Amino acid sequence: MRLSKTLLPTLKEDPVEAQIVSHKLMLRSGMIRQLGAGIYNWLPLGLRVLRKVENIVRQQMDKAGAQEVFMPAVQPAELWQETGRWDQYGVELLRFQDRGGRDFCFGPTHEEVVTDLVRNELRSYKQLPANFYQIQTKFRDEVRPRFGIMRGREFLMKDAYSFDLDQQSLDNSYEVMFQAYKEIFKSCGLSFRAVEADSGAIGGSASHEFHVLAESGEDAIASCDSCDYAANLEKAVAGLQDGTDTPPTAEMQKVATPEAKTIDEVSEFFAVTPDKTCKSLLVESDEGPCMLLLRGDHELNEIKAGNLLAGNNFRLLEPHEVKKLTGVGVGSLGPVASKLKIIADNSLANMSDFICGANEDGYHLTGVNWERDLPSPQFADLRNVQEGDSCSRCDAGSLRLDRGIEVGHVFKLGDKYTKSMNMTVLNQDGREQTPLMGCYGIGVSRIVAAAIEQNHDDNGIVWPIFLAPFHVEILLINPKEAPAAEFAEKLYQQLLDSGLEVLLDDRHERLGVKFKDADLIGAPIRVVIGGRGIKEGAVEVQSRKGGSSQKVALNEVGETLINRAKDLLSGS
RNA sequence: CGGGGUGUAGCGCAGUCUGGUAGCGCAUCGGUUUUGGGAACCGAGGGCCGGAGGUUCGAAUCCUCUCACCCCGACCA
């Protein structure tokens with residue numbers, strides 16, 4: 001592609017509306033332009049990358065035996081009413097009417113449509129298992145779109161739906177998709193992690209999210225350094241401490257702690273580490289107020305606690321509410337002699353001689369022990385795991401925390417949709433049977449943004465070769481210098497003929513401008529061609545990543561570039 | 001949905017308090033000189049100041065309403 005004839009409007013300055021690096025760089029490199037809140041134009045450069053991702057996804061899905069279809073973006077309300085989701089889905093479902101006043105929505109997902117399709121077309125168990133996928137524009141009317149493409153309202157998604165006769169077959173279909181997803185993210189050249197997700201009320205044994213690792217990721221994910229356990233922080237469980245159930249060695253004592261309220265202050269006061277203390281939190285739940293106990297150095301996981309208390313009303317009580325309810329301030333709250341229902345985190349079970357609030361303002365208790373000083377409460381998993389916690393799946397491992405961007409989600413749906421929409425096939429016995437469904441999503445456009453979050457430097461994007469809009473950029477310093485221009489043109493053709501994707505910067509711009517744009521655009525390999533180099537008989541080949549450069553003789557440049565690109569593409 | 005903010009040239013902004021000829025930098029177009037890491041000079045084009053209504057001799061500026069976008073929070077397969 002010739003830059004002189006391409007719409008590639010780069011920006012020197014960061015647009016004010018962009019908060020995160022991928023959004024800034026996508027705007028600055030001329031990949032996208034905003035049309036409205038959460039909706040974007042894709043310009044030539046951005047579209048090339050989007051298509052790259054799309055093709056990688058398509059290739060792997062086909063390889064995994066899924067069949068590509070293309071379903072309508074606009075869907076009639078009737079289908080959604082059949083499954084009840086017309087009323088359940090809420091404000092994110094963009095609804096509208098046609099000329100005749102009939103209700104429609106712009107599809108945020110396609111379970112209803114695909115189920116309708118297969119209930120009309122699949123009759124026999126012999127047609128199963130089947131897996132249909134599409135790459136489609138979706139619309140979710142996000143309450144607060146942000147971060148550019150990362151969390152837009154309109155976005156490109158690959159969604160796949162599998163249909164199986166029984167659970168075992170579904171398990172297999174799921175596994176095939178799981179492996180295909182790994183292959184997809186590997187093929188994109190991204191560093192990623194598959195993590196366990198909560199399969200929740202829908203049941204089924206499994207759901208996994210795929211995260212691209214990036215410091216700016218919205219999700220925290222925990223993973224074991226020894227086995228393959230990995231989970232979203234919301235769901236991650238730490239292993240229980242070893243049974244160091246040491247007997248009490250100290251008497252319980254009430255100590256005046258006039259200035260010590262926070263865990264830090266209390267630990268400092270008693271000259272102990274925070275893990276020797278116990279913090280008490282009051283929460284509201286459907287069953288009324290409840291006291292949660294955590295080790296001093298641990299954080300409450302509100303989702304776990306909320307699930308445990310089955311509460312729609314779950315929330316932390318405000319300090320003034322605590323005072324009103326118990327008569328003491330939050331800094332001196334404690335479980336001993338409390339009349340409230342108490343649930344303690346598992347990590348407290350084998351603690352002895354710990355320190356906690358005395359339920360009297362300005363006092364704490366030391367040497368507190370279960371059974372002797374207060375009854376053992378209910379124990380449960382209430383906390384966020386921490387870096388270094390032991391793994392709950394294996395003996396050897398410890399957990400590490402990373403940040404990630406969710407780019408894929410696989411889910412066993414079971415018969416939720418097939419049942420409510422009456423989809424059956426005849427089984428071997430000639431009886432009607434309701435197939436089980438799985439669904440598998442990948443945020444295609446989000447991958448583009450996530451890839452940038454993971455691969456950039458101060459000057460711009462540093463594309464992994466598999467997603468790069470161009471493998472090679474040729475910087476022609478001055479198109480008016482005939483020998484250089486002719487050489488660049490010849491090289492351009494040679495590289496194109498070899499199957500590489502090449503950007504030729506043939507603009508009448510100064511070199512500095514071209515370098516800055518090349519940095520922004522982020523092609524992995526570039527070559528600088530000018531009159532001086534032609535005279536010397538060698539031109540400069542540079543690598544975007546790391547910025548290394550070498551002089552290559554004119555008659556070898558073509559081969560060198562082709563080989564280097566092929567090396568990168570083959571992963572070496 | 002609650003709170004905050006911003007709408008003035010393609011982009012980034014000043015001007016608004018205190019009403020009186022609509023500006024600056026970058027970008028764009030033409031010219032000259034330049035040309036190996038975001039050039040210099042000369043000249044030019046480009047705006048119903050988000051929209052509607054009002055006050056006023058006169059509104060980017062004051063008042064009312066409205067729309068859009070951004071940020072924080074709540075929400076989120």
Side-chain angles (χ1 to χ4, degrees), chain A residues 7 9-20 23-24 27-28 30 33-40 83 85 88-93 107-112 138-148 150-153 155 157-161 197-202 204 207-210 218-219 232 234 302-303 312 315 406-413 416-417 438-443 446 459-460 475-481 484 505 507-520 526-536 538-540 542 547 549 551:
Chain A
L7 178 63
T10 55
L11 304 172
K12 283 188 197 174
E13 296 172 82
D14 278 337
V16 277
E17 74 266 23
Q19 305 297 307
I20 61 170
H23 191 192
K24 288 178 185 170
L27 289 166
R28 287 191 53 204
R33 285 294 183 262
Q34 179 169 4
L35 180 62
I39 52 179
Y40 290 85
T83 59
R85 289 213 291 182
Q88 287 163 15
Y89 207 94
V91 295
E92 281 193 17
L93 186 63
T109 178
H110 280 69
E111 282 85 3
E112 280 82 359
K138 310 277 190 187
F139 195 97
R140 292 184 192 171
D141 200 354
E142 287 274 350
V143 179
R144 187 148 104 78
R146 61 190 125 169
F147 304 146
M150 189 78 84
R151 186 180 277 251
R153 294 195 293 173
F155 56 99
M157 181 170 173
K158 187 285 301 176
D159 48 328
Y161 306 89
D198 189 12
S199 46
I202 301 179
S207 171
H208 289 85
E209 295 168 352
F210 289 78
E218 284 192 90
D219 297 304
N232 200 307
E234 291 173 357
E302 297 197 26
I303 292 171
N312 298 323
R315 66 184 177 90
E406 187 188 348
V407 288
H409 200 159
V410 293
F411 216 102
K412 291 182 189 175
L413 288 174
K416 181 178 157 105
Y417 297 95
C439 75
Y440 317 91
I442 287 184
R446 182 182 274 188
N459 296 317
L475 275 84
L476 174 56
I477 294 175
N478 185 354
K480 284 182 186 160
E481 292 175 337
D505 191 346
R507 295 174 300 173
H508 293 272
E509 286 288 352
R510 301 175 72 81
L511 181 61
V513 174
K514 297 191 179 194
F515 269 124
K516 289 293 180 188
D517 280 351
D519 283 344
L520 261 184
R526 70 188 178 211
V527 53
V528 187
I529 294 173
R532 190 191 294 172
I534 298 292
K535 261 184 221 150
E536 288 171 5
V539 293
E540 204 174 326
Q542 302 179 332
S549 93
K551 295 271 189 184

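Since the structure is predicted, the reported quantities are computational estimates derived from the model, not experimental observations. Residue numbers start from 1 in every chain, and the chains themselves are labelled A, B, ... in the order their sequence lines are given, proteins ahead of strands. Hydrogens, waters and symmetry mates are skipped; everything else that's a heavy atom, side chains included, is used.
- Across all strands shown, B:C24 forms a Watson-Crick or G-U wobble pair, both distances under 3.5 Å, with B:G12.
- Within 4.0 Å (heavy atoms only), A:Gln88 reaches no atom of the nucleic acid at all.
- A straight line from CG of A:Asp14 to P of B:C26 spans 19 Å, rounded to a whole angstrom.
- In this structure, A:Leu27 atom CG and B:A27 atom C1' are separated by 16 Å, rounded to whole Å.
- Of the nucleotides present, none pairs with B:C75 by Watson-Crick or G-U wobble criteria with both distances under 3.5 Å.
- Remark: the separation of the C1' atoms in B:U61 and B:G15 is 9 Å, to the nearest Å.
- Taking the P atoms as reference points, B:A68 lies 24 Å from B:A60, given to the whole Å.
- For B:G58, there is no paired nucleotide, since no Watson-Crick or G-U wobble pair has both relevant distances below 3.5 Å.
- Atom-to-atom, CD of A:Glu209 to C1' of B:C76 comes out at 12 Å; the value is rounded to the nearest Å.
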Checklist outcome for this item: With sugar-phosphate taken as primed atoms, P, OP1 and OP2 and all else as base, the protein-contact string of nucleotides 36-44 of chain B at under 4.0 Å (heavy atoms; B, S, -) is BBBB-----

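- Between the C1' atoms of B:G46 and B:G3, the separation comes to 39 Å (whole Å).
- Between B:U55 and B:G19, the two C1' atoms lie 11 Å apart (nearest whole Å).
- For B:A68, the paired nucleotide is B:U6, the pair qualifying as Watson-Crick or G-U wobble because both relevant distances are below 3.5 Å.
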Could you go over nucleotides 71-74 of chain B and give all protein N or O partners under 3.5 Å, atom names and distances?
from  : atom 1 : to       : atom 2 : distance (Å)
B:C72 : OP2    : A:Arg144 : NH1    : 3.0
B:C72 : OP2    : A:Arg144 : NH2    : 2.3

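- Remark: the separation of the P atoms in B:C49 and B:U21 is 14 Å, to the nearest Å.
- In this structure, the side chains of A:Phe147 and A:Arg446 stay at 4.5 Å or more apart for every pair of heavy atoms.
- Pairing partner, B:G45: none, since no Watson-Crick or wobble contact has both distances short of 3.5 Å.
- We find that CD of A:Glu509 is positioned 10 Å from C1' of B:A27, with the value rounded to whole Å.
- A:His409 contributes atom NE2, which lies 10.0 Å from atom CE of A:Met157 (distance to the nearest 0.5 angstrom).
- Atom NZ of A:Lys480 is separated from atom C1' of B:U33 by 11 Å (rounded to the nearest Å).
- Between the CZ atom of A:Arg151 and the P atom of B:C69 there is a distance of 17 Å, given to the nearest Å.
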